[in-house]
Amino acid sequence: MRDMAVIPQELLAWYDRHARVLSWRTPPGGTGADPYRVWLSEVMLQQTTVAAVKSYFERFTTLWPTVHDLAAAEDAQVMAEWAGLGYYARARNLVACARTVAQLGAFPDTREGLAALPGIGAYTSAAIAAIAFDRPETVVDGNVERVVARLFAVETPLPAAKPELTALAARLTPQARPGDFAQAMMDLGATICTPRSPACGICPIIPHCQARAQGIAAELPRKAPKKAKPQRRGTVWIGLTEDAVLVETRPDKGLLGGTLAFPSTGWDGSDLPPPAPADWQELGLVRHVFTHFALDLTVATGRLTATPQRGNLVPLGRFDPSALPGLMRKAWVLAQNPFPATARDNAPPWQTPATRDR
DNA sequence: GTCCAGGCGT
DNA sequence: ACGCCTGGAC
């Protein structure tokens with residue numbers, strides 16, 4: 001490559017004019033970003049879009065303005081506030097990380113020190129080091145992989161291409177303003193160099209893009225073929241008394257770990273019994289797609305006729321469905337409104353009465 | 001409806 | 001390499 005240094009220069013000039021304004025950011029060229037806010041936003045942004053993160057970030061920083069406040073929070077309240085964001089291991093690691101940092105007194109200011117903390121891996125450690133501590137680290141997320149694959153027309157499919165893309169991104173990273181450069185690359189990937197239909201016409205570094213020159217920008221990065229998701233099924237029981245509902249906290253490890261849930265069978269063929277005797281009535285089906293399988297969950301409700309064998313009875317006045325992950329929220333909504341007209345009308349008798357999604 | 005994007009831990 | 005969730009694009 002002739003002069004790689006010109007690419008970051010031109011990208012930073014674009015970022016100075018077009019940086020997205022986000023509440024966890026300082027303006028381009030600024031310094032003194034709060035490591036706590038950078039860390040919190042970056043963890044929320046793992047696998048999650050900016051649009052989805054905004055309200056959660058405001059809520060968390062209002063409830064817990066500093067890492068010490070978060071370190072002192074109840075686990076259950078953090079899990080409840082995280083509900084809906086997904087990937088709940090992030091919330092458990094968030095609390096563990098906050099407590100470690102509170103013990104240390106402050107966030108480590110190097111990539112290596114940050115990467116030793118729970119929930120902080122290669123991407124997040126480099127991002128915090130660059131953005132909050134001005135370290136010239138190479139920040140590689142999915143946006144950066146896509147931008148770099150196109151700039152250099154890398155044909156190797158992901159994930160095998162990752163080391164190659166990281167090395168190319170490292171050659172681009174400038175010694176000055178590494179945090180702004182990282183955010184510029186991610187803004188470019190999120191707003192212009194998008195996965196489908198990239199807006200090459202307004203790209204600030206289009207003269208340097210080899211994929212565009214070859215007419216293959218929209219086809220990169222290539223990806224290894226993904227495999228089909230297995231279909232699984234199970235039953236979830238929403239048990240009621242006069243004034244309470246039966247819930248449980250799922251085990252910390254595994255699917256929906258540590259979240260609030262209604263008792264259910266296993267979803268892989270393991271066949272747990274109902275959590276209590278009750279006049280169980282099947283209401284219908286809720287469908288949900290996870291990373292690695294699709295789930296059809298039969299929803300049953302009933303009035304308990306004896307003490308439950310598992311779970312806890314929570315008074316309906318203190319039960320907040322927004323503290324449930326998406327799947328369980330769907331089941332709750334179905335139980336509130338079991339017969340939507342669209343699914344009920346003309347349903348043949350051999351089909352489930354209220355089959356629907358949502 | 002279906003497809004797809006997106007980091008960390010193990 | 002796989003397990004982990006949701007929302008937005010099509």
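Worth knowing before you read on, the calculation uses all heavy atoms, side chains too, and leaves out hydrogens, waters and symmetry mates.
If you check every strand for non-hydrogen atoms under 4.0 Å, A:R92 touches nothing.
Each of A:L255 and A:Y56 lies near DNA chain C, and the nucleotide nearest A:L255 is the one positioned closer to the 5' end. The 5' end of DNA chain C is approached more closely, in terms of each residue's nearest nucleotide, by A:R232 than by the other of A:R232 and A:R196.
A close approach under 4.0 Å does not occur between any side-chain nitrogen or oxygen of A:N93 and OP1 or OP2 of B:dC8. Between A:H288 and C:dT6 there is a side-chain polar atom (N or O) within less than 4.0 angstrom of OP1 or OP2. At least one side-chain nitrogen or oxygen of A:T124 sits closer than 4.0 Å to the OP1 or OP2 atom of B:dC8. Phosphate contact (OP1/OP2 of B:dC4, side-chain N/O of A:K223, threshold under 4.0 Å): absent. Proximity of A:Y87 to the phosphate of B:dG9: no side-chain N or O atom is located under 4.0 Å from OP1 or OP2.
Sorted by first and then second residue, the side chain to side chain donor-acceptor pair (under 3.5 Å) pairs involving residues 148-157 of chain A (not counting sequence neighbours) are A:E155-A:R222, A:T156-A:E164.
In this entry the distance linking CG of A:L117 with P of B:dC8 reads 12 Å, nearest Å.
Ion pairing between a basic and an acidic side chain is recognised when a charged N comes within 4.0 Å of a carboxylate O; A:R99 and A:D75 show such pairing. Ion pair A:D279/A:R303 not flagged as a salt bridge, since none of the NZ, NE, NH1 or NH2 atoms sits closer than 4.0 Å to an Asp/Glu carboxylate oxygen. The existence of a salt bridge linking A:R25 and A:D187 is confirmed by a sub-4.0 Å separation between a basic side-chain nitrogen and an acidic carboxylate oxygen.
For B:dG6, the base has no donor-acceptor partner in the side chain of A:Q46 [N/O atoms by modelled type, under 3.5 angstrom].
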